[in-house]
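Down below is the structure, laid out as C-alpha cells.
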Amino acid sequence: MIKVLNGIRVLEQGTFITGPAAGMLLGDLGADVIKIEQPGTGDPFRAFKGGLYSPHFQTYNRNKRSVTLNTKDAADLATFDELISTADVYIQNFRPGAAERLNVGEERLRKINPRLIYCSISGFGPTGPAAGRPAYDSVAQAASGFLGLLINPENPRVVGPALADSITGFYAAYGILGALHERNSTGVGRKVEVSMLEAMSHFNLDAFTHYYSAGEIMGPYSRPSVSQSYVLKCADQKWIALHMSSPEKFWQGLARAIEQPLLFDDPRFSDRNGRIQNQEALIQILGGIFVKHSRDEWCRRLESEDVPHAPMYDTSEALEDPQARHLQILVSARHKTMGDFHTVRPPVSFDGQRSTEVIPPPVLGEHNEEVLSSLTTAPTTPR
C-alpha cells in the first residue's frame, strides 16, 4: 500500500455506503481508519444470512479497524471523546439531527479537537424542505435527474449498481482532502458537508449544461447517439461494445473489419450527423452482421483495424482479461478468521507503484483491545 496519508487518523461512524465509502477511500491512501460501530450489531450493512460479514459490507470496509462504542453510554462516550482528541477526520452519514442525538455533533466535537475535519454526509442536505426525508441510492439518482438517463423507456426499471451512494462517498473524500490541505497552513479544521442530491447533480453536469446552454433535455439515448456507442450480440451469445466517436478513420476501420467497404457511402451513414440521426437503422444493420461470428473473432478483427472496442464482460470475466491481469487490478488477502478476501485495488499509482496490498474488512469489534488499550478512559470489560 502506498501510504500518502500515513499519519492521518480517521474516525468513521458510517453505515451502509456513503460514509463507509469515504472512509475506505482514505484508508486506501494509507490513513488509519477506525470504524466506530454499535456494539452487538455494528454497521447494518454487515447483516447477511444470519452473520455480520456480508459482501455488501466487505465492499466498502477494507483497510479499516473496527471498534464498538455506544456514544449514548457515558463511559463509551468518554472513550469516544478521547479518540476524537487524537483524530484528524471524523465522518458520519446520519440524517440531519441524528448526530446531535448521538452526542457526536460537530459543535461538541470541535470543542474537543479544533483541528478536526468534520464530514457530514446526508441525503438532501442539512436544511430545506426535504432535509428530513430518507434517501437511498435510487432516490438520489431520481431527484438529481440522473436516473432518467439510465431507464429504458421500453422496459422501465432501475438498473445497475449503487452509483449515487458510491459517488457521494467519492465527493466526501474529495472535500476532506481539500480541508486537510488547508489545515496544513491554518491549523484549524473545517466542517465538510455533502449530500447525495448535490453529489449526483454535480455528477450529472453534462445533462444540465446541455439544458441551460442549448435547451436540450437529454434522455437515455442522447449521449450514446452523439458518442456513437453500440452493444452488439455475437454468434456465441456473448456481447461486444463499440465506441466509435467521430474520427473517420475508426469508421473506415469498422467497414473493413465487417467486410462492408461501401456501408458508409450510404447517405444515412456517410457523416457524423447522419449516423446520429439514423443510429437505430445502423444498430439493426450492425446487429445482423455481428451475430455471424464469435466475440473473439470480432475482437481480433476490430483490434487489427484499431477500432475502439471491448468485450462486454460479466464480473467473472473482466479481471481475467490479460490487460487487467497485467495491471494487477484484482488483489487478495487473508483474514485470520474469515478467510480469503478478494477485491479491486485502488486505481491510482504513485511514482509507478501500485497499491496491491490490502487489509481485509474487520469483524465487528476486532480492534477494540488494540485501539482502546492505550486510552486512559478505555473500558476494562470486553465488548
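Count residues from 1 along the sequence. The analysis underlying the following values was restricted to heavy atoms, covering all of them including side chains, and did not include hydrogens, waters or symmetry mates.
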Handout entry: Residues K64, D32; criterion salt bridge (charged side-chain N to carboxylate O under 4.0 Å, His left out); working and verdict
Key = CA-CA 7 Å; K64 299 179 185 179; D32 174 23; over 6 Å; no
Exercise for the section: Apply side-chain hydrogen bond (donor to acceptor under 3.5 Å, both in side chains) to the pair R354 and Q328, showing each step before the final yes or no. Expected result: CA-CA 8 Å; R354 301 170 184 145; Q328 300 172 287; 2.9 Å; yes
Problem - Basic-acidic side-chain contact under 4.0 Å: E320, R325 - result: yes
Practice task
Apply the test side-chain hydrogen bond (donor to acceptor under 3.5 Å, both in side chains) to residues N61 and K35: give CA-CA distance (whole Å), side-chain angles for both, the deciding distance (0.1 Å), then the verdict.
Solution key: CA-CA 9 Å; N61 288 283; K35 186 176 181 72; 3.1 Å; yes
Exercise for the section: Give a yes or no on whether a salt bridge exists between E303 and R301, defined as a side-chain N under 4.0 angstrom from a carboxylate O. Expected result: no
Practice task
Taking atom CD of E317 as the centre, report whether more than 12 heavy atoms of other residues, nucleotides or ligands fall under 6.0 Å from it.
Solution key: yes
Exercise for the section: Would you give the length of the straight line joining atom CZ of R108 to atom CG of L102, rounded to the nearest 0.5 angstrom? Expected result: 10.5 Å
Problem - Option among E193, K191, Q92 that satisfies the side-chain hydrogen bond (donor to acceptor under 3.5 Å, both in side chains) test with Y118 - result: Q92
Fill in the blank from the handout: One should read off an interatomic distance between R95 CZ and S120 OG, to the nearest 0.5 angstrom, of 13.5 Å
Handout entry: NZ/NE/NH1/NH2 to OD/OE distance under 4.0 Å, D340 and R334
Key = yes
Exercise for the section: Would you check, one step at a time, whether the test side-chain hydrogen bond (donor to acceptor under 3.5 Å, both in side chains) holds for S294 with D296? Expected result: CA-CA 5 Å; S294 70; D296 285 347; 5.5 Å; no
Practice task
Let me see the working for R223 and D206 under salt bridge (charged side-chain N to carboxylate O under 4.0 Å, His left out), right down to the final yes or no.
Solution key: CA-CA 9 Å; R223 177 61 185 170; D206 183 52; 5.3 Å; no
Handout entry: Close aromatic pair by centroid cut-off 6.0 Å: F57 and F48
Key = no
Exercise for the section: Evaluate the criterion side-chain contact (heavy atoms from CB on, under 4.5 Å) for residue pair F124 and V139; output intermediate values, then yes/no. Expected result: CA-CA 10 Å; F124 289 98; V139 173; 3.6 Å; yes
Practice task
Check which hydrophobic residues are tied to L232 through side-chain heavy-atom contacts below 4.5 Å, counting indirect links as well, and list them.
Solution key: Y230, I240, L242, M244, F250, W251, L254, I258, L263, F264, F269, L282, I283, I285, L286, I289, F290, W298, L302, V307
Exercise for the section: Would you give the length of the straight line joining atom CD1 of I329 to atom OG1 of T356, rounded to the nearest 0.5 angstrom? Expected result: 12.5 Å
Problem - CD1 on I117 to CD1 on I176, rounded to 0.5 Å - result: 8.5 Å
Exercise for the section: Measure the spacing between OG of S66 and CG of N368 and express it to the nearest 0.5 Å. Expected result: 6.5 Å
Problem - Pairing of R345 and D28 as salt bridge, 4.0 angstrom limit - result: no
Problem - Ring-ring centroid check F45 H56, cutoff 6.0 Å - result: yes
Handout entry: From R190 atom CZ to L180 atom CG, the distance as rounded to the nearest 0.5 Å
Key = 12.5 Å
